[in-house]
Amino acid sequence: MTEKKDIKSLYLPELEQELALLGEKSFRAKQIYQWLHQKLAAGFDEMSNLSRPLREKLREEFELTCLQAVDVKISRIDGTRKYLFRLGDGNVIESVWMKYHHGDSVCISSQVGCRMGCRFCASTIDGLERNLTASEMLDQIYRIQADTGERVSNVVVMGSGEPMDNYDNVIRFIRMISDEQGLHISQRNITVSTCGIVPGILKFAGEGLSVTLALSLHAPSDEVRQTLMPIAGRYGLSEVLDACRQYFEKTGRRLTFEYSLVSGVNDNLDEARALASLIRGMHGHVNLIPVNPIKERDFVQSDQRAIQAFKNYLEKQGIQVTVRREMGRDINGACGQLRRSFLKGG
Ligand code: SAH
């Protein structure tokens with residue numbers, strides 16, 4: 001038996017082709033696409049303008065991805081929601097919904113686990129389980145929008161996983177979530193965060209998309225960066241930053257540099273100085289993230305004084321800086337921690 005096609009991962013023209021093979025007209029494909037990507041149908045039975053035999057045929061031919069929320073934690077401080085979703089094969093992933101004054105934002109996972117090995121990150125401890133399909137990335141947003149009843153306007157691909165390590169599915173996801181026949185989320189409101197896989201960044205620059213690229217920088221020298229991120233041993237800073245410059249030149253999108261502050265590792269003023277000279281003249285801003293300690297490692301968050309001093313120094317150098325607001329502190333746990341504690345049954 002051949003595997004059923006994943007209907008929610010198909011672009012509209014692909015769905016039209018598939019339906020043509022079943023002897024159906026292209027307007028049927030449009031109706032189905034709308035059910036899946038605008039009305040956020042959770043099953044074929046909801047597709048009430050299709051005949052029962054057609055729905056039956058669809059069920060035989062296709063698989064319909066629909067994530068099951070197995071846990072939702074809601075912050076009493078700011079309403080942030082952390083969702084734990086079960087996938088069709090039993091794996092679990094997490095996604096976060098945050099409410100900002102400029103709209104609702106969802107942070108999605110791009111892989112089950114991760115193989116990048118960043119030292120401070122919980123998502124990577126057990127390695128990579130598998131890539132997520134486009135439909136599994138889309139459905140994190142669909143299920144959350146259906147649950148909250150509010151339109152999602154911003155998407156950040158900053159949950160578990162390395163998007164450049166699941167390149168084709170991530171591109172498909174971006175095109176589909178921004179498709180006007182779907183939720184039509186503006187590409188300008190989508191951010192993709194990478195640990196710095198150079199060939200991926202260069203290819204991404206040529207896709208004709210206008211999404212924001214965030215680079216996980218975390219240190220201003222290759223030496224310190226390598227102690228935090230194994231990928232830094234593969235691609236040096238000058239090469240990574242050069243790829244980012246090309247990304248800006250091709251897309252015109254300002255860059256984001258993420259910098260997680262770890263006490264005594266990368267948070268002193270010498271590092272702020274080195275960081276300023278490293279990115280001077282690049283069109284981007286720095287997002288400082290007080291490191292979120294995970295119990296498997298002994299990294300310590302920089303204290304408020306160090307964070308402020310680091311920020312002030314960069315600002316004096318004319319660099320735009322934000323300190324990431326800790327959303328949902330009461331339900332927190334760093335990226336990937338909710339999933340880990342779920343898997344360990346605790
Ligand atoms: N793989 C992508 C996206 C995943 S994580 C990347 O590396 O960019 C999103 C951001 O959170 C990255 O900058 C990552 O380095 C950072 N991060 C992961 N765990 C963290 C922790 N415990 N504390 C602070 N930042 C963390």
Side-chain angles (χ1 to χ4, degrees), residues 82 93-96 98 105-128 131-132 137 140 155-167 169-170 173-174 190-198 200-201 204 211-219 224-232 234-235 237 240 243-244 247 255-263 265-267 275 284-302 307 310 322-329 332-341:
K82 273 208 165 193
I93 55 169
E94 55 183 90
S95 324
V96 186
M98 291 157 287
S105 185
V106 170
C107 174
I108 66 155
S109 294
S110 57
Q111 296 180 312
V112 184
C114 182
R115 59 181 178 141
M116 295 298 126
C118 298
R119 299 285 300 153
F120 43 77
C121 180
S123 304
T124 198
I125 292 173
D126 294 323
L128 176 68
N131 283 330
L132 293 183
M137 289 183 258
Q140 295 173 55
V155 172
V156 292
V157 186
M158 275 191 194
S160 297
E162 166 52 41
M164 299 301 167
D165 192 35
N166 182 16
Y167 189 89
N169 290 335
V170 167
F173 160 76
I174 294 170
I190 301 174
T191 298
V192 172
S193 176
T194 176
C195 61
I197 297 178
V198 170
I201 297 174
F204 198 46
V211 307
T212 299
L213 181 72
L215 174 71
S216 295
L217 199 50
H218 302 325
V224 177
R225 198 160 179 264
Q226 282 170 18
T227 66
L228 296 171
M229 310 169 71
I231 194 72
R234 181 102 178 263
Y235 304 107
L237 274 175
V240 174
C244 289
Y247 188 84
L255 302 156
T256 299
F257 299 107
E258 295 161 281
Y259 196 103
S260 297
L261 288 163
V262 188
S263 182
V265 174
N266 63 0
D267 67 340
L275 175 61
H285 81 273
V286 173
N287 190 205
L288 296 174
I289 314 170
V291 82
N292 207 334
I294 57 175
K295 63 175 183 299
E296 293 82 355
R297 307 266 188 267
D298 50 10
F299 290 120
V300 176
Q301 195 175 92
S302 305
I307 295 171
F310 203 95
T322 45
V323 178
R324 182 173 300 174
R325 216 157 35 107
E326 268 186 89
M327 299 291 281
R329 198 177 358 199
N332 230 344
C335 294
Q337 291 225 131
L338 188 57
R339 170 171 175 262
R340 271 185 76 70
S341 63

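Counting starts at 1 for both ligands and their atoms, in listed order. What's counted below: heavy atoms across the whole structure, side chains too, no hydrogens, waters or symmetry copies. Remember, it's a predicted structure, so these values are computed and weren't measured experimentally.
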Q. Hey, mind stepping through L261 and Q301 against side-chain contact (heavy atoms from CB on, under 4.5 Å) and telling me if it holds?
A. CA-CA 7 Å; L261 288 163; Q301 195 175 92; over 6 Å; no
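- If you number the atoms of ligand 1 from 1 as listed, the ones under 4.0 Å from a heavy atom of C195 come out as 6 (C), 7 (O), 8 (O).
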Q: Determine, step by step, whether V265 and V224 satisfy the side-chain contact (heavy atoms from CB on, under 4.5 Å) criterion, reporting the C-alpha distance in whole Å, the side-chain angles of both residues, the deciding distance to 0.1 Å, and the verdict.
A: CA-CA 8 Å; V265 174; V224 177; 4.3 Å; yes
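- For the salt bridge (Lys or Arg N to Asp or Glu O under 4.0 Å) test, residues two or more places apart in sequence or in another chain that qualify with R324 are E258.
- Nearest heavy-atom pair, Q111 versus G161, reported as atom, atom and distance to 0.1 Å: OE1-CA, 3.4 Å.
- Every atom of ligand 1 is numbered from 1 in the order shown, and the set under 4.0 Å from a heavy atom of M158 is 4 (C), 5 (S), 9 (C).
- Looking at residues two or more places apart in sequence or on another chain, you find a side-chain contact (heavy atoms from CB on, under 4.5 Å) between T212 and T191, R253, T256.
- Close approach to C121 involves these atoms of ligand 1, each under 4.0 Å from a residue heavy atom: 18 (C), 19 (N).
- Residue contacts with ligand 1 for S193 involve both N, CA, C or O and side-chain atoms from C-beta outward (heavy atoms, distance under 4.0 Å).
- Ring geometry for Y167 versus F204: interplanar angle over 60°, hence perpendicular rather than tilted (30 to 60°).
- Under 4.0 Å from ligand 1, the heavy atoms of T194 that appear belong solely to its backbone.
- Numbered from 1 in the order shown, with element, the atoms of ligand 1 that lie under 4.0 Å from a heavy atom of V291 read 23 (N), 24 (C).
- Between the side chain of E94 and the backbone N or O of K82, no donor-acceptor pair lies under 3.5 Å.
- Of all the atoms in ligand 1, the ones that sit under 4.0 Å from a non-hydrogen atom of G161 are 1 (N), 2 (C), 3 (C), 4 (C).
- Backbone and side-chain nitrogen or oxygen atoms of I289 are examined, and none is located within less than 3.5 angstrom of a nitrogen or oxygen of ligand 1.
- Counting atoms of ligand 1 from 1 in the listed order, those under 4.0 Å from a heavy atom of S260 are 24 (C), 25 (N), 26 (C).
- Geometrically, ligand 1 and R324 share no nitrogen or oxygen pair separated by less than 3.5 Å.
- The shortest distance between side-chain heavy atoms of D165 and L128 falls below 4.5 Å.
- Which parts of ligand 1 touch E258 is read off a 4.0 Å heavy-atom cut-off, strictly below it: atoms 10 (C), 12 (C), 13 (O).
- Looking at V157 and M137, their side chains never come closer than 4.5 Å, going by heavy atoms from C-beta outward.
- At least one heavy atom of G159 sits closer than 4.0 Å to an atom of ligand 1.
- Contacts between H218 and ligand 1 below 4.0 angstrom, taking non-hydrogen atoms only, involve the side chain exclusively.
- For ligand 1, the atoms sitting less than 4.0 Å from at least one non-hydrogen atom of N292 are 21 (C), 22 (N), 23 (N), 24 (C), numbered in the order shown with element in parentheses.
- A donor-acceptor pair is defined here as one N or O able to donate and one able to accept, closer than 3.5 Å; such a pair exists between the side chain of N266 and the backbone of H218.
- Note: an N/O pair closer than 3.5 Å links F120 and ligand 1 by distance alone.
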